[in-house]
Protein chains: 2
Amino acid sequence: MAKLQKSIDKRNALIKATITLVNNNGFHATPMSKIAKMANVSPATIYLYFENKQDLVNKAYIEVKAAFTAYAFATYTEDMSVKEGFEIIWKRIADFKLNKCEEALFLAQCDNTPMIDESSRKEGIKHLQPLLDLWQRGKEEGIIKPISDYLLYAYTINPLSFLMINQERGACAIDNAHIEDAYQAAWDSIQLT
Amino acid sequence: MAKLQKSIDKRNALIKATITLVNNNGFHATPMSKIAKMANVSPATIYLYFENKQDLVNKAYIEVKAAFTAYAFATYTEDMSVKEGFEIIWKRIADFKLNKCEEALFLAQCDNTPMIDESSRKEGIKHLQPLLDLWQRGKEEGIIKPISDYLLYAYTINPLSFLMINQERGACAIDNAHIEDAYQAAWDSIQLT
DNA sequence: TACAAATAAATGAACGTTCATTCTTTTTTT
DNA sequence: AAAAAAAGAATGAACGTTCATTTATTTGTA
């Protein structure tokens, strides 16, 4: 038990260090030696937990993505109305993107660069299904515009990444009033009137 | 004259090669040797045109950004109504993002990673002023929601980047009907009703 | 105009450094 | 004591950049 526990701690420290360093420097400017140092571990030890650098960053991506979607759907249940469900999910996602900055920033960088293997990317998308199901229901009920899921995502969820990145860069500060405005803009863009 | 011409060709070839290779591999996975090879030039020659690798990518970013904004505002004049002006600019941007894929992809990667110097990033933002002015006018006329420019950008322009990236990855295909839907979603999200 | 001298442009090879990964040894756990 | 985990040192490859030299162009002179 103690042994396993210790191992998991090291693994987590390695993933954490990877996220922090990749956020600050990018994938290829983050040497394994620095990851090891930040995790208080020898470079060689990384290879007991991960096959290689690519494997390490792929696994980091999948884990963060899983944590993100778990957070997003934590308070949603399928018996909610479409409008209510969308608002709940949207606000959870907003909360994650704007408060769990480190993880959100890491995901944004992974999603916008050739840093992650295509297969790991595919793996990460799967978990979004509940939202796609909700949209499907919304279209059938005539509440949501009959447009592609990519468009719905582009106009409701993705803008949060843009806001998060700019907040991180110190270009703007997003408070609760902004969130409410942003939610309204998101809903206005997809609701069928 | 002939001499200068030759130089500009080489410079352009270097910028072009940088864009292509960075799109495919990312900044740090793009060696100067490959850039040189693609531009049919010796590695050493790069340093006659640019200080170093960082300078090369900074300059590539600024040039592409300038070309992008020039394209965006080419058909817009200040005497247009807010609604008309917005539609014209938005559609030009959509056209650029979805058809000039290579340049648009390069900008997206620059804007979402720590690859570009902060000063070059600032330089790139400047050219967007006409759109900000238009929004200001729209707010004064009570046509556009009185929300921050970051929100307006996040819900109208930025979604196009998301769509472009996914189209590039082969995840979805954006045709004229999609563009019209997207424009409607963009306008719906920011217009004051 | 003809031709050398000077300058600029371009090159391939080489340098020093850094990196991901592996190897060998030491420490810890069972 | 045996086995597993971890460490640090070592390795070979790859990189950005520089250097010494060659090639091309321009300028000055007769």
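For clarity, every value in this text was computed on a predicted model and none was experimentally measured. Note that these values count all heavy atoms, side chains included, but never hydrogens, waters or copies made by symmetry.
Checked by atom type and distance alone, the side chain of Lys139(A) pairs as donor or acceptor with a backbone atom of Ile147(A) at under 3.5 Å. For the pair Ser161(A) (side chain) and Ile157(A) (backbone), a donor-acceptor distance under 3.5 Å is absent.
Look at CG on Leu48(B): it is 13 Å from P on dC19(D), rounded to the nearest Å. We find that CG of Asn25(B) is positioned 15 Å from P of dA14(D), with the value rounded to whole Å. Spacing between atom CZ of Phe27(B) and atom C1' of dC15(D) amounts to 12 Å, rounded to whole angstrom units. For the pair Asn52(B) CG and dG16(D) C1', the computed distance is 9 Å after rounding to whole Å. Counting to the nearest Å, the C1' atom of dG16(D) and the NZ atom of Lys37(B) are 16 Å from each other. Taking atom CD of Gln54(B) as the reference point, atom P of dC15(D) lies 17 Å away to the nearest angstrom. In this structure, Leu21(A) places its CG atom 15 Å from C1' of dC19(C), rounding to the nearest Å. Taking atom CD1 of residue Ile35(A) and atom P of nucleotide dT18(C), one finds them 17 Å apart after rounding to whole Å.
Within 6.0 Å of the CD atom in Glu118(A), the count of heavy atoms belonging to other residues, nucleotides or ligands exceeds 12.
Closest contact between the side chain of Met32(A) and the listed nucleotides dA20(C), dG16(D), dA7(D) involves dA20(C). Listed candidates were dC19(D), dA10(C), dC15(D). Nearest to the side chain of Pro31(B) is dC15(D). Of the candidate nucleotides dA9(C), dG16(D), dA7(D), dG16(D) has the atom nearest to the side chain of Tyr47(B). Among the nucleotides dG8(D), dA6(D), dG12(C), the one closest to the side chain of Ala44(A) is dG8(D). The nucleotide whose nearest atom lies closest to any side-chain atom of Lys53(B) is, among dA7(D), dG16(D), dT21(C), dG16(D). Closest to the side chain of Thr45(B), out of dA5(D), dT17(D), dT11(C), is dT11(C).
A sub-4.0 Å separation between OP1 or OP2 of dA10(C) and a side-chain N or O of Tyr49(B) is present. OP1 or OP2 of dA6(D) lies within a sub-4.0 Å distance of a side-chain N or O belonging to Lys10(A).
Judged by a 6.0 Å distance limit and a 45° cone about the ring axis, Lys97(A) is positioned over the six-membered ring of Phe68(A).
Salt bridge present: Lys65(B) and Asp111(B) bring a charged side-chain N and a carboxylate O closer than 4.0 Å.
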